[in-house]
Structure formats: structure tokens, C-alpha cells
Amino acid sequence: MADESTDRVVEEDSGNSNVNDNANDTLKYQLLGPSLTKAGQDAVNQQKVSEIIYNASKGSKFFNHEQERDRNQTLKIERIAAEKVRLEKLDLSHDLRRADEYLAELELTRDLSQYVIHVDCDAFFAAVEELDRPELKTVPMAVGKGVLTTCNYVARKFGIRSGMASFVAKKLCPQLVLLPSNYEKYTAKATEIRTILAQYDPLFESASCDEAYLNITAYCDENQMDPDEAVQRLRAEILENTKISVSAGIAPNAKIAKISSNINKPNGQFRVANERIAVMEFMQSLPCRKVNGIGRVFERELDSIGIKTCGDIYPQRAILTKLFGEKAFQFLAQCYLGLGRTNIEPVETHERKSVSTETTFHEIGDKEELRGKLRWAAEEMEKDLARTQFKSRTLCLKVKLHTFEVLTRQTAPPRAVSQAKDLYTYALPMLIKLEKEIPGMKLRLLGLRCSNLVTTKKTGLNFFGFTAQPKPPTVEPPEPTKEREIGAEEAFEAAARQEVQDEMNDLEQLSQEAAIPDQSIPTIEAGPEAGPVEESPAQWECPICSKPQMADDRGFNDHVDFCLSRQTIREATQDTHSVIDEPSQGTGSRKRKPVNPGGNEDPRQKRLFFR
DNA sequence: GCGGATCAC
DNA sequence: TATGGTGATCCGC
């Protein structure tokens with residue numbers, strides 16, 4: 001059976017013009033940027049836009065790099081297509097049975113009892129700017145320098161999109177108005193919106209600055225309201241109170257809600273009913289690219305084996321694991337069935353895994369100047385680590401060459417680090433090594449990333465009041481006062497001396513593969529070696545609700561904000577049910593199953609849950 | 001565990 | 001003239 005259907009697809013596939021017929025087609029598609037399939041592009045002559053972008057980019061280093069990437073992807077895709085042909089000559093009955101068993105297993109996890117919605121602000125940054133300057137509503141306008149972060153719907157008619165280089169956008173539309181971004185303003189507006197969201201689901205989940213997931217099952221129950229009606233009300237309330245228009249998707253799970261919020265954008269909503277048949281039909285004709293987690297590359301790979309829509313996944317199910325791996329198979333199986341998570345939870349409950357900082361600059365080859373950039377990155381990282389209250393056991397240096405090629409090198413300092421001078425000291429040898437590997441190295445970006453994080457926060461109780469760890473977690477002792485009093489300049493001079501030492505030893509070190517810095521570096525002070533990585537998520541007591549809280553500094557979603565807005569709501573609405581006051585009683589106020597059917601929501605974004 | 005690649009926003 | 005920053009995951013080695 002699988003053989004029959006896959007054969008059919010092969011034949012259909014031979015006429016596919018998207019894949020290999022014209023190498024420039026895929027490159028042009030690539031150059032159009034990632035947001036092509038998003039909303040607002042219907043009226044655009046995509047062919048013409050593509051030509052303009054292509055010509056504006058042609059010959060640049062960026063273009064050459066994209067071309068190179070495109071070539072590699074094309075090669076990979078050819079291998080995949082050839083492998084498919086090879087596989088289909090084999091006996092696939094075992095793989096087919098295994099796939100079907102997995103699908104049957106997944107089917108058992110289907111949960112149609114919840115109303116999950118995804119709320120997405122329409123052209124958010126641009127919309128906020130238009131509130132201050134209404135005259136911009138009727139002209140093409142975008143926010144961002146160098147690269148656009150957002151543009152209004154007038155600009156989209158010209159083929160302009162977020163993520164586009166502004167000089168390219170100007171070619172598409174010379175009269176485009178460009179505004180610098182003002183994140184404080186957007187944050188303030190986002191807070192207003194979240195205040196309203198909390199009334200519909202106090203445990204809503206901010207997906208980003210301008211997006212959120214809500215589970216409105218309880219709200220609908222309590223208010224005897226249809227989900228469509230509830231969302232109409234929610235959107236009207238947001239528009240009235242904040243003057244921001246939002247779109248929404250309503251579905252049995254987050255994955256479909258997310259897709260649905262784009263369907264009637266802007267200022268619209270779309271619902272997929274909580275019925276198996278409705279879900280299956282919706283997925284059947286849905287282009288894979290619409291699913292969160294399937295980007296331009298995976299889209300091309302799937303296309304090359306005849307999968308364009310989620311419905312196309314089924315006939316190919318027997319070969320997916322061998323072609324793309326187990327994770328991808330499981331993910332695609334969930335796409336086909338239209339499964340997704342239903343447990344929506346505040347983002348504070350997620351555990352941070354890394355902190356990073358990076359900047360792009362004009363091409364730099366001068367070694368001293370590059371050290372200056374590294375120093376700056378180290379200083380930024382120190383601030384970020386202080387803000388997030390972490391130390392790091394793994395330090396990663398990221399550079400982008402003038403050719404746009406990206407390289408990373410990581411190292412594990414002998415102990416967790418957080419101070420700029422330490423970060424600099426341990427990152428510098430990696431930079432030096434790269435300079436030796438790449439003679440005449442010229443960079444356009446340099447950054448640092450810290451992972452394997454160790455919290456410096458006081459330990460306590462987690463969100464639900466359980467102790468976070470069986471053993472008392474290690475807490476980094478405060479730095480000795482002596483260290484604190486050393487000024488940054490002084491510290492860097494010390495690091496610079498170390499650098500000279502490093503460079504003197506460099507040849508020998510390299511020959512022994514010993515890019516490990518001298519461990520007698522002044523800053524390393526006693527203190528117990530950090531034991532097992534501190535993972536306690538609960539760190540501080542909320543000044544509003546006096547409950548121990550998960551720590552996470554992500555501004556938009558911080559708990560205090562949440563509590564404050566909840567207080568405001570309660571004052572305004574005489575809210576009496578307020579089960580959210582008692583987070584320790586369970587999974588919150590919602591009537592819903594706490595389980596996550598088929599937790600593998602996204603091939604590249606693992607969700608984190610309470611332990 | 002490391003480095004490259006992909007993805008989202 | 002000129003193409004971003006942050007965080008996360010997966011894969012092959």
C-alpha cells in the first residue's frame with residue numbers, strides 16, 4: 001500500500017518546478033526571506049519583487065553566501081530524493097507497520113476537550129508607532145534600522161517584509177518611511193494587552209512580545225460562552241482599551257491555534273472546531289510550511305519527496321524516519337494528525353538554558369580592534385548574567401566572517417564564570433586560535449554565549465511549593481569584596497597582561513592542543529567548586545503575592561508584572577473566583593487535563609514542564 | 001561534548 | 001554602501 005502511494009507521488013514529483021529545475025529559483029526564494037508565507041502578501045507581484053531583491057543583492061558578500069548555502073541545500077536535497085528512490089526498492093513493511101503503530105498510539109493521546117487560542121498583534125511595532133503618528137497609517141512604513149523588524153500593511157503591498165534589509169525595502173518602495181525602534185514603548189503597550197489577556201486566562205503564556213497562548217476553556221464554561229464569542233469579546237476589548245488590533249486562532253491545541261491566527265489576519269479570527277474530522281481536514285490541505293518548526297529548508301526537503309501539505313505526510317510515513325530521523329518522524333506524525341499541546345502555562349515556569357550577546361559591525365581585521373569588541377561583549381555578558389543571576393560553566397565564542405560564514409568555539413572554564421574579565425580571559429584564547437586558523441581573518445560579528453548555567457540566586461520553593469531539588473543545591477558564594485573593588489579597566493589590564501602571556505605561549509599551547517588558559521588567573525578565588533549544576537527554578541518571593549516564585553527576568557513575563565495586573569483586574573472586576581491566588585493547589589484554575597498529549601510539539605523546541 | 005545548521009520572532 | 005539579536009533544538013561526529 002505504501003509502495004503504491006509513494007510511487008504515485010514520485011510521478012507527480014517529476015514535474016516539480018520548485019526543486020531542481022532552476023537553481024536560481026530556490027536562491028530567489030531564499031532571498032525573499034523567511035516571512036514569505038506569513039500574512040499580507042496576497043496582492044503582491046511576487047515574481048517582480050523577487051527580481052528586485054535578487055538584483056539588489058547580486059554580487060554582494062551576503063548574496064554569495066546565500067548562494068553557497070543554497071547550493072549545499074540543493075545537494076542535500078538531491079541526496080534525500082535519491083535515498084527515497086533507493087528505499088522504495090526495499091521491503092518497507094516493517095517500517096510501515098512501525099509508523100502505523102506510532103500513529104495509532106498518538107491517536108490515543110488526542111485531546112479535544114480544550115479551547116486553546118493564539119493571539120497575535122497585527123504588525124505590532126508599526127501599529128504602536130501609528131498610535132503616536134496616525135498620519136503614518138496611510139503610507140508605507142517600517143520599523144527598524146538595517147533590517148526591518150516590522151512593517152505596516154501598506155508597506156506589505158510593495159512586497160516589504162520583516163527581516164528585509166532596509167536598503168532592499170527602499171528599492172521596492174522608495175517612499176517607505178523608516179522609524180527607529182522604541183522597545184520601551186512596545187513593552188508598555190504589550191503590558192496593557194497582557195492585562196486584558198489575564199482576565200481570560202490568568203495562566204496565559206506569552207510566546208513573544210506580541211503573541212500569546214491562552215486556554216479559555218474555563219472562561220467559556222464560567223461565562224456560558226462559545227469560544228468564538230469569547231474571542232470576539234477579547235479582541236474587541238483589546239482594540240477598545242489599547243487601540244491595537246489583534247488576530248486570533250481558536251483550536252483544540254496550541255499548534256493549530258497558532259496556524260489559525262494567521263488565517264484571517266489582520267484583525268480577524270479563525271476557528272478549527274474541536275472535532276477530529278475538522279482537525280484532520282484542516283491539516284490535510286495545509287501547506288507544511290505553515291506549521292511552526294517547518295522552515296524554508298525543511299519545506300524544500302519535504303517538497304523533494306512529494307510532501308507539500310500535512311496530508312501528504314501520510315503516504316510517505318514509512319520512509320520518514322530513515323530520511324529525516326526519529327524526532328522529525330514523530331513531529332511530522334503529529335502534524336498529520338493535527339495534534340499539539342493543550343497545556344498553556346506562564347513562561348516564568350520555563351528554565352533558561354543560555355544567555356548570549358552579539359553585535360554586528362563594519363568588517364574588522366585588526367586584532368586590537370577585535371579584542372575591543374570581545375571586551376565589549378564580555379562587559380555586556382557580565383551585565384546580562386548579573387541581571388539573570390547566573391554564572392556559566394560553558395563559554396562559547398561566536399564570530400561571523402566577512403563572508404557571512406559563522407563559526408563557534410566553546411570552552412569550559414575551570415569554574416563557573418560571570419565577571420567580564422573572566423569571560424574575556426577565557427574567550428580570548430578561542431579568538432586567538434581562530435586568528436591562527438584563518439590567516440587575515442576579518443569579522444563582521446562577534447558574540448558570546450553562556451550555557452551550562454549555574455544560578456546565583458537563593459534557593460527556595462518552586463512555583464508549586466515543592467522543594468526544587470532533593471539535595472540542597474549549591475549556591476555560588478558572593479564574590480570576595482576585593483574582587484568587587486577592582487575596576488573594569490584594571491581588570492582588563494590584568495586580562496590584557498594575561499593575553500600577552502597567552503600569546504607568548506601560544507605556539508606551544510597550540511601544538512599541544514592546549515587552548516586552556518593559565519589557571520592561575522587572578523580572578524579565580526577559592527569558593528567551593530560548583531557541584532552539580534544548580535537547577536532550582538524557585539528563587540524569590542513575590543512582593544505582591546508573597547509566594548515563592550520562579551526566577552526569570554524576561555521582562556514581559558515577569559511574575560510581579562503578572563501579579564500587579566491581576567491585582568488591577570481584581571479591583572476593576574471584583575473577581576471572586578481567583579483560583580490563581582492558590583497556585584500550590586494544583587495546576588491552576590482551569591478545568592483541563594494537565595497532560596501534554598504527544599509532548600513532541602516541535603522538532604526544535606522542546607517544551608519544559610514541571611518536575 | 002562540540003560545532004554546524006535550522007527555526008522562531 | 002548596505003542584510004539583526006536572542007534563545008532553543010537537532011544531527012553528525
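Chain letters run A, B, ... following the sequence lines, proteins first, then strands; residues in each count from 1.
In this structure, A/E348 atom CD and C/dG7 atom C1' are separated by 17 Å, rounded to whole Å. Rounded to a whole Å, the NZ atom of A/K61 is 8 Å from the P atom of C/dA2. Between the CH2 atom of A/W376 and the C1' atom of C/dG5 there is a distance of 10 Å, rounded to whole Å. Atom P of nucleotide B/dC7 and atom CZ of A/R296 are separated by 8 Å, given to the nearest angstrom. At whole-Å resolution of the value, CD in A/E205 and C1' in B/dC9 are 14 Å apart. A straight line from NE2 of A/H65 to C1' of C/dG4 spans 15 Å, rounded to a whole angstrom. The interatomic distance linking A/F404 (CZ) with B/dA5 (P) rounds to 16 Å, in whole Å. To the nearest angstrom, C1' of B/dG1 lies 13 Å from CZ of A/R449.
With distances taken from any side-chain atom of A/K258 to the nucleotides B/dC9, B/dG3, B/dT6, the minimum falls on B/dC9. Closest to the A/S208 side chain, of the nucleotides B/dT6, C/dA8, B/dC9, is B/dC9. In this structure, of B/dC9, B/dG4, B/dT6, it is B/dG4 that holds the atom nearest to the side chain of A/L407. Listed nucleotides B/dG3, C/dA8, B/dT6 differ in distance to A/R69; the shortest reach to its side chain belongs to B/dT6. Side chain of A/D210, nearest nucleotide from B/dT6, B/dA8, B/dC9: B/dC9. Minimum atom distance to the side chain of A/L445 is reached by C/dG5, of the listed C/dT6, C/dG5, B/dG4.
Between A/T360 and C/dT3 there is no side-chain polar atom (N or O) within less than 4.0 angstrom of OP1 or OP2. OP1 or OP2 of C/dA8 has at least one side-chain nitrogen or oxygen of A/S354 nearer than 4.0 Å. For A/S356, a side-chain nitrogen or oxygen approaches OP1 or OP2 of C/dG7 to under 4.0 Å. Contact check, A/R352 against C/dG7: a side-chain N or O comes under 4.0 Å of OP1 or OP2. For the OP1/OP2 pair of C/dG4 and a distance below 4.0 Å, the side-chain nitrogens and oxygens of A/R444 include at least one atom meeting the criterion. For A/N292 and B/dC9, the shortest distance from a side-chain N or O to OP1 or OP2 is below 4.0 Å.
No hydrogens or angles considered: nothing links the side chains of A/S247 and A/D120 as a donor-acceptor pair under 3.5 Å. Using a 3.5 Å distance cut-off with no hydrogens or angles, the side chains of A/E129 and A/Y186 do pair a donor with an acceptor.
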With the criterion being N/O to N/O and under 3.5 Å, what pairs connect the protein with nucleotides 11-13 of chain C, and how long is each?
none

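Residue contacts for A/S60: at a heavy-atom cut-off of 4.0 Å it reaches a base atom on one of the strands shown. Using a 4.0 Å heavy-atom criterion, one finds that A/R409 contacts the sugar-phosphate atoms exclusively. A/L148 comes within contact range of no nucleotide atom at all, as no heavy-atom separation falls under 4.0 Å. Across all strands shown, A/E66 has no heavy atoms under 4.0 Å from either base or sugar-phosphate atoms.
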Exercise for review: Begin with the C-alpha distance, continue with both residues' side-chain angles, and end with the deciding distance and a verdict on side chain to side chain donor-acceptor pair (under 3.5 Å) for A/H65 and A/E405.
Suggested key: CA-CA 7 Å; A/H65 181 252; A/E405 185 184 359; over 6 Å; no
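Comparing A/H118 and A/N72, the nucleotide of DNA chain B nearest to each residue sits closer to the 5' end for A/N72.
Evaluation of atom-type donor-acceptor distances gives a pair under 3.5 Å for the side chain of A/S57 against the base of C/dT3.
Annotation: A/K185, atom NZ; neighbour count of heavy atoms from other residues, nucleotides and ligands within 6.0 Å is above 12.
Every residue meeting the side-chain hydrogen bond (donor to acceptor under 3.5 Å, both in side chains) condition with A/K398, not counting sequence neighbours, appears here in chain and number order: A/E358. In this structure, the side-chain hydrogen bond (donor to acceptor under 3.5 Å, both in side chains) partners of A/N267, at least two apart in sequence or on a different chain, are A/R235. Every residue was checked against the side-chain hydrogen bond (donor to acceptor under 3.5 Å, both in side chains) condition with A/K442, not counting sequence neighbours, and none meets it.
In terms of modelled atom types and a separation under 3.5 Å, the side chain of A/T242 and the main chain of A/I244 share a donor-acceptor contact.
Between the C1' atoms of B/dC7 and C/dG4, the separation comes to 15 Å (whole Å).
Remark: A/R289 is not positioned above the aromatic ring of A/F298, lacking an NZ or CZ atom under 6.0 angstrom from the ring centre and at most 45 degrees off the axis.
Within residues 167-179 of chain A, the residues approached by DNA chain C to less than 4.0 Å at the level of any non-hydrogen atom are A/F167, in residue-number order.
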Report all side-chain donor-acceptor pairs from residues 166-174 of chain A shorter than 3.5 Å, counting only partners two or more places apart or in another chain.
unit_1	atom_1	unit_2	atom_2	d
A/S166	OG	A/G146	N	3.4
A/S166	OG	A/G146	O	3.1
A/K170	NZ	A/L176	O	2.9

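Between A/F62 and A/F404, the ring planes lie perpendicular to each other; the angle is over 60°, past the 30° to 60° tilted range.
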